[in-house]
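As a basis for the values below, the full set of heavy atoms in this structure was taken, side chains included, without hydrogen atoms, waters or symmetry mates. Labels below follow one simple rule: chain letters A, B, ... track the order of the sequence lines, proteins then strands, and each chain is numbered from 1.
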Protein chains: 2
Amino acid sequence: MTDLPAFDLEGYLPYRFTVIAAELSDGLARQYRDRFGISIAEWRVLVNVGYGESPALRDIERRVRLEKSKVSRAASRLEAKGYLRKEVDAHDRRLLRLTLTEAGAALLARLIPIAEAYQAELVGRLGPEATLLHAALDRLSPRG
Amino acid sequence: MTDLPAFDLEGYLPYRFTVIAAELSDGLARQYRDRFGISIAEWRVLVNVGYGESPALRDIERRVRLEKSKVSRAASRLEAKGYLRKEVDAHDRRLLRLTLTEAGAALLARLIPIAEAYQAELVGRLGPEATLLHAALDRLSPRG
DNA sequence: CGAGGGCCGTTGCAAATGCAACGATCATCG
DNA sequence: CGATGATCGTTGCATTTGCAACGGCCCTCG
């Protein structure tokens, strides 16, 4: 048996982040799915459409680190459910701009408080270290 | 258009963690895949077998937060590649204990330094805040 | 103009994934 | 014992995923 150098998987950052990310997302994901029939990808698209100026798919793709095809399919599902409209950009007909419908805006207005509450709970758990955490995360991956 | 409360997706913890986790894993994942033909799941199983006392699949499942079926399939692939052996536990024949082969130990011995180097780079990027980060992570998800 | 090259969104396809169902085995307890 | 319920690992299946290829559109430059 070859001798192995010591290694601590539990403290290994890529591993820890994967586990925690899954934990943090799952709780919310289940709620959004069960109560609203919405996936995480759809939720991210919704947020972007809600706060951007009728962004095109490629804008969302970049901001939210979501595969091209994933954005496309999420947008199509949201359209099918009546939460948003797609319209071709007048100046560049390759671009497809997204806008919330009334139903979409209403849905988002219900989703946001849930997300905020969850965030508040997490920040509460972190206590004063919350700011430090964000700083540390910035070092691992600077945000635009 | 309904009025929406402000919301900052970029600073939203579940989102940030998902993005960072993907970033941190991808670099390593690609290396392991291209250079060694190993997936992340397989890598995690390897580490467990290397450092545990011939753990059973269910032990790995718990420690590493990997789906039952994912562990099973990863183990089968590793066995097929000749990196580990499966043997039925003598006292409980439901359990399947895993052991590294020579080739498996050799492979792991090559993978570990790469992982360590990556961890070192990340810790370097964090500087003295590294300890704080781990503390914060513990608050979000206590480790066993 | 118009031909070439790049960007946009969609879609087909193979592989990965999650989940439930299953057979085999064990532990409990009457 | 023997029956019941739980645990373990595998597998079938429907869904999701990532990737590459494609058609439509725009821009540049001769």
Side-chain angles (χ1 to χ4, degrees), chain A residues 18-19 21-23 25-30 32-34 37-45 48-49 52 54-81 84-99, chain B residues 18-19 21-23 25-30 32-34 37-45 48-49 52 54-81 84-99:
Chain A
T18 304
V19 170
E23 285 179 10
S25 287
D26 277 5
L28 208 64
R30 189 159 300 128
Y32 280 2
R33 176 166 48 76
D34 294 348
I38 288 293
S39 74
I40 289 289
E42 287 165 23
W43 147 249
R44 290 200 200 153
V45 170
N48 264 270
V49 179
S54 52
L57 295 199
R58 64 101 188 265
D59 299 322
I60 302 182
E61 178 191 349
R62 286 172 191 160
R63 275 190 235 143
V64 187
R65 309 250 189 177
L66 229 42
E67 285 288 317
K68 209 180 186 184
S69 55
K70 229 174 166 183
V71 176
S72 170
R73 294 193 244 244
S76 295
R77 282 192 303 262
L78 288 172
E79 187 192 26
K81 293 177 195 162
L84 56 77
R85 260 182 303 272
K86 299 177 179 175
E87 27 194 344
V88 184
D89 183 294
H91 300 300
D92 185 341
R93 292 168 53 198
R94 291 171 302 180
L95 301 187
L96 215 46
R97 304 200 157 282
L98 303 181
T99 326
Chain B
T18 304
V19 171
E23 285 180 9
S25 287
D26 276 4
L28 208 64
R30 190 159 299 127
Y32 280 2
R33 177 165 48 76
D34 294 347
I38 288 294
S39 74
I40 290 289
E42 287 165 22
W43 146 248
R44 290 199 200 155
V45 170
N48 264 270
V49 180
S54 53
L57 295 198
R58 65 100 188 265
D59 299 322
I60 301 182
E61 178 191 348
R62 286 172 191 160
R63 275 191 235 143
V64 186
R65 309 248 189 180
L66 229 42
E67 285 289 317
K68 210 181 185 184
S69 56
K70 229 174 167 182
V71 177
S72 170
R73 293 194 244 246
S76 295
R77 281 193 302 263
L78 289 173
E79 186 191 26
K81 293 176 195 163
L84 55 78
R85 260 183 304 271
K86 298 177 179 175
E87 27 194 344
V88 184
D89 183 295
H91 300 300
D92 185 341
R93 292 167 52 196
R94 291 170 302 181
L95 301 186
L96 215 46
R97 315 206 85 96
L98 304 181
T99 326

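- You can see that DNA chain C meets the heavy atoms of chain B within a 4.0 Å-exclusive cut from C/dT17 to C/dC26, reading 5' to 3'.
- Map A/Arg30 and A/Arg73 each onto its nearest nucleotide of DNA chain C; the residue landing nearer the 5' end is A/Arg73.
- The residue B/Ala75 sits apart from the nucleic acid: no heavy atom pair falls under 4.0 Å.
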CA sep, side-chain torsions, deciding dist, call: B/Val45, B/Leu57, side chain to side chain contact (heavy atoms under 4.5 Å, CB included): CA-CA 9 Å; B/Val45 170; B/Leu57 295 198; over 6 Å; no
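- Of the possible polar contacts, one joining the B/Asp59 side chain to the B/Ala56 backbone as a donor-acceptor pair under 3.5 Å is found.
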Verdict with supporting geometry, B/Thr18 and A/Arg44, side chain to side chain contact (heavy atoms under 4.5 Å, CB included): CA-CA 12 Å; B/Thr18 304; A/Arg44 290 200 200 153; 3.4 Å; yes
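- Under the 3.5 Å distance criterion, the side-chain polar atoms of B/Lys86 are left unmatched by any main-chain donor or acceptor of B/Ala75.
- In this structure, B/Lys68 atom NZ and D/dT10 atom P are separated by 10 Å, rounded to whole Å.
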Pair B/Thr99-B/Leu84, side chain to side chain contact (heavy atoms under 4.5 Å, CB included): steps then yes or no: CA-CA 5 Å; B/Thr99 326; B/Leu84 55 78; over 6 Å; no
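- Take the nearest nucleotide of DNA chain D for A/Glu67 and for A/Asp89: the residue whose nucleotide is more 5' is A/Glu67.
- As rounded to whole Å, 14 Å separates atom P of D/dG18 from atom CZ of A/Arg65.
- Proximity of a side-chain donor or acceptor of A/Ser76 to a complementary backbone N or O of A/Ser72 within less than 3.5 Å is detected.
- Applying the 4.0 Å criterion to OP1 and OP2 of D/dT10, one finds that B/Ser69 has every side-chain N and O outside that range.
- The two residues B/Pro55 and B/Arg63 come nearest to each other via the heavy atoms CB-NH2, 4.1 Å.
- For B/Leu66 and D/dT10, the CG to P distance is 14 Å, given to the nearest whole Å.
- To the nearest angstrom, C1' of D/dC8 lies 9 Å from CD of B/Glu61.
- Only one option out of A/Arg77, A/Arg33, A/Lys70 pairs with A/Glu42 in a salt bridge (charged side-chain N to carboxylate O under 4.0 Å, His left out); it is A/Arg77.
- The separation between B/Arg77 atom CZ and D/dT10 atom C1' is 14 Å, rounded to whole Å.
- Pairing each heavy atom of B/Leu98 with each of B/Val49, the nearest pair is O-CG1, 3.6 Å.
- In this model, the phosphate group of D/dG9 is not approached by any side-chain N or O of B/Lys70 to a distance below 4.0 Å at OP1 or OP2.
- In this entry the distance linking CD of A/Glu42 with C1' of D/dT15 reads 14 Å, nearest Å.
- Sorted by residue number, the members of residues 90-97 of chain A with any non-hydrogen atom under 4.0 Å from DNA chain D read A/Asp92, A/Arg93, A/Arg94.
- Residue-level contact check: A/Arg62 touches the backbone only, with heavy atoms under 4.0 Å from sugar-phosphate atoms and none from bases.
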